[in-house]
Amino acid sequence: MILTGKEILKRLGNDIKIEPYDANLLNPNSYNLRLHEDLLVYSEFPLDMKKPNPVQTLKIPEDGLLLEPGTLYLGRTIEFTETHNLVPMLEGRSSIGRLGMFVHITAGFGDVGFKGFWTLEIQVTHPLRVYAGVQICQIFYHTVEGEISEYKSGKYQANQGIQPSLLYKDFEKK
């Protein structure tokens, strides 16, 4: 089951943490998250799964930044979230999708216990100017059935910014 907006509000400070929180961003069954001004792009190709890949930081200026098709932009939410006893999920807002923007490729699923900023895997179908602070996606929460084990990965937990792929760490474990 998915929590209603009223239930999200009730659980703030307990199972759900959203900082900063703005009551105007609460929806009937989700909460809108906003785009931070920083983006990352990979700067050397081909990418290699077994190695850290270099990135370049872009800042979205006040007059916006033109995103181009064929480029993966890694962004992040302004909001830091923490979730216990629920599964957080992220989806792009329909208004964003109708402009031809994808907010995540595969990483819209969070784990019980995740805390951090959400890294967004942004792509556009045609050139699109974006602005920092735009309500880009929405977080919603599923209830959990069964015994809970919280997320404890060292890769992305408690991140402080945009996270490029850390898949190479999986190869280091072998």
Side-chain angles (χ1 to χ4, degrees), residues 17-22 24-25 30-83 87-140 151-174:
K17 179 186 211 179
I18 301 172
E19 292 181 353
Y21 176 80
D22 179 344
N24 294 317
L25 302 180
S30 65
Y31 182 88
N32 287 348
L33 300 175
R34 298 167 295 155
L35 179 63
H36 190 270
E37 68 183 353
D38 291 336
L39 298 174
L40 294 181
V41 291
Y42 289 105
S43 56
E44 292 180 20
F45 297 92
L47 300 179
D48 189 330
M49 289 180 162
K50 287 189 173 185
K51 299 177 184 174
N53 292 284
V55 293
Q56 172 188 352
T57 302
L58 304 174
K59 246 198 213 318
I60 302 173
E62 207 171 296
D63 61 343
L65 179 70
L66 186 64
L67 303 186
E68 296 289 344
T71 300
L72 174 65
Y73 299 89
L74 298 177
R76 80 162 173 90
T77 59
I78 290 173
E79 293 81 7
F80 180 96
T81 71
E82 184 173 338
T83 308
V87 175
M89 295 193 70
L90 203 68
E91 278 297 336
R93 294 180 60 225
S94 62
S95 296
I96 297 296
R98 291 170 191 184
L99 291 172
M101 178 187 241
F102 297 93
V103 172
H104 69 79
I105 296 170
T106 62
F109 184 83
D111 286 300
V112 176
F114 172 74
K115 60 181 174 182
F117 297 99
W118 287 79
T119 294
L120 307 173
E121 304 148 336
I122 300 169
Q123 286 191 313
V124 295
T125 59
H126 45 259
L128 177 66
R129 186 168 302 280
V130 298
Y131 300 88
V134 67
Q135 297 174 44
I136 194 166
C137 60
Q138 51 196 340
I139 189 169
F140 59 102
Y151 177 72
K152 292 184 169 87
S153 168
K155 288 196 302 194
Y156 303 111
Q157 183 71 306
N159 69 64
Q160 292 302 305
I162 303 169
Q163 299 287 288
S165 177
L166 301 178
L167 183 63
Y168 67 89
K169 291 185 176 197
D170 292 352
F171 291 96
E172 293 172 352
K173 293 177 185 176
K174 294 179 180 180

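- In this structure, Tyr73 and Glu68 approach most closely via the heavy-atom pair OH-N, 2.9 Å.
- Taking both residues in full, the closest heavy atoms of Glu62 and Tyr131 are given as O-CD2, 3.8 Å, listed atom of the first, atom of the second, then distance.
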Checking side-chain contact (heavy atoms from CB on, under 4.5 Å) for the pair Lys59/Leu65: CA distance, chi angles, key distance, verdict? CA-CA 8 Å; Lys59 246 198 213 318; Leu65 179 70; over 6 Å; no
List the steps and the verdict of side-chain contact (heavy atoms from CB on, under 4.5 Å) for Phe102 and Thr125. CA-CA 8 Å; Phe102 297 93; Thr125 59; 3.6 Å; yes
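- Atoms CD1 and CH2, on Ile136 and Trp118 in that order, are 14.0 Å from each other to the nearest 0.5 Å.
- Between atom OG1 of residue Thr77 and atom CG of residue Leu120 there is a gap of 6.5 Å, rounded to the nearest 0.5 Å.
- Using modelled atom types, one side-chain atom of Tyr156 and one backbone atom of Leu166 make a donor-acceptor pair closer than 3.5 Å.
- Rounding to the nearest 0.5 Å gives a distance of 6.0 Å between CG of Asp63 and CZ of Arg129.
- For the atom pair Leu33 CG and Ile78 CD1, the distance stands at 9.5 Å (nearest 0.5 Å).
- Nearest approach of Pro54 to Glu44, heavy atoms of both residues: CG-CD, 3.6 Å.
- Here the CD atom belonging to Gln135 is positioned 4.5 Å from the CG atom belonging to Asn32, to the nearest 0.5 angstrom.
- Closest of all the heavy-atom pairs between Cys137 and Leu90 is SG-CD1, 3.7 Å.
- By the neighbour-count criterion of 12 heavy atoms within 6.0 Å, atom OH of Tyr42 is densely surrounded, having more than that number from other residues, nucleotides or ligands.
- Asp38 and Arg76 are not joined by a salt bridge, as no carboxylate oxygen comes within less than 4.0 angstrom of a charged side-chain nitrogen.
- When side chains are defined from C-beta on, Met101 counts as touching Leu67, because their heavy atoms get closer than 4.5 Å.
- Between the side chains of Gln138 and Ser30, at least one donor N or O sits under 3.5 Å from an acceptor N or O.
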Apply the test side-chain contact (heavy atoms from CB on, under 4.5 Å) to residues Leu39 and Ile122: give CA-CA distance (whole Å), side-chain angles for both, the deciding distance (0.1 Å), then the verdict. CA-CA 9 Å; Leu39 298 174; Ile122 300 169; 4.3 Å; yes
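- Side chains of Leu72 and Ile105 form a contact here, defined as non-hydrogen atoms less than 4.5 Å apart.
- Taking the six-membered ring for Trp and thresholds of 30 and 60 degrees, Phe80 and Phe117 have ring planes more than 60 degrees apart, a perpendicular arrangement.
- For the side-chain contact (heavy atoms from CB on, under 4.5 Å) with Thr57, the lone residue among Val41, Leu74, Leu40, Ile162 that qualifies is Leu40.
- Residues Phe114 and Val87 fail the side-chain proximity criterion, which asks for heavy atoms closer than 4.5 Å.
- With rounding to the nearest 0.5 angstrom, the NZ atom of Lys51 is 14.0 Å from the OG atom of Ser165.
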side-chain contact (heavy atoms from CB on, under 4.5 Å) between Val112 and Thr83, intermediate numbers included: CA-CA 6 Å; Val112 176; Thr83 308; over 6 Å; no
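- At a threshold of 4.5 Å between non-hydrogen side-chain atoms, the residues Val103 and Arg93 do not count as touching.
- Within a 6.0 Å radius of NZ in Lys50, no more than 12 heavy atoms belonging to other residues, nucleotides or ligands are found.
- Annotation: side chain of Phe171 is in contact with side chain of Met49 (closest heavy-atom distance under 4.5 Å).
- Glu91 approaches Phe140 most closely through the heavy-atom pair CG-CE2, 3.7 Å.
- Judged purely by atom type and a 3.5 angstrom limit, Glu79 has no side-chain atom pairing as donor or acceptor with the backbone of Tyr21.
- Closest approach of Ile139 and Pro88 over heavy atoms only: CD1-CB, 4.0 Å.
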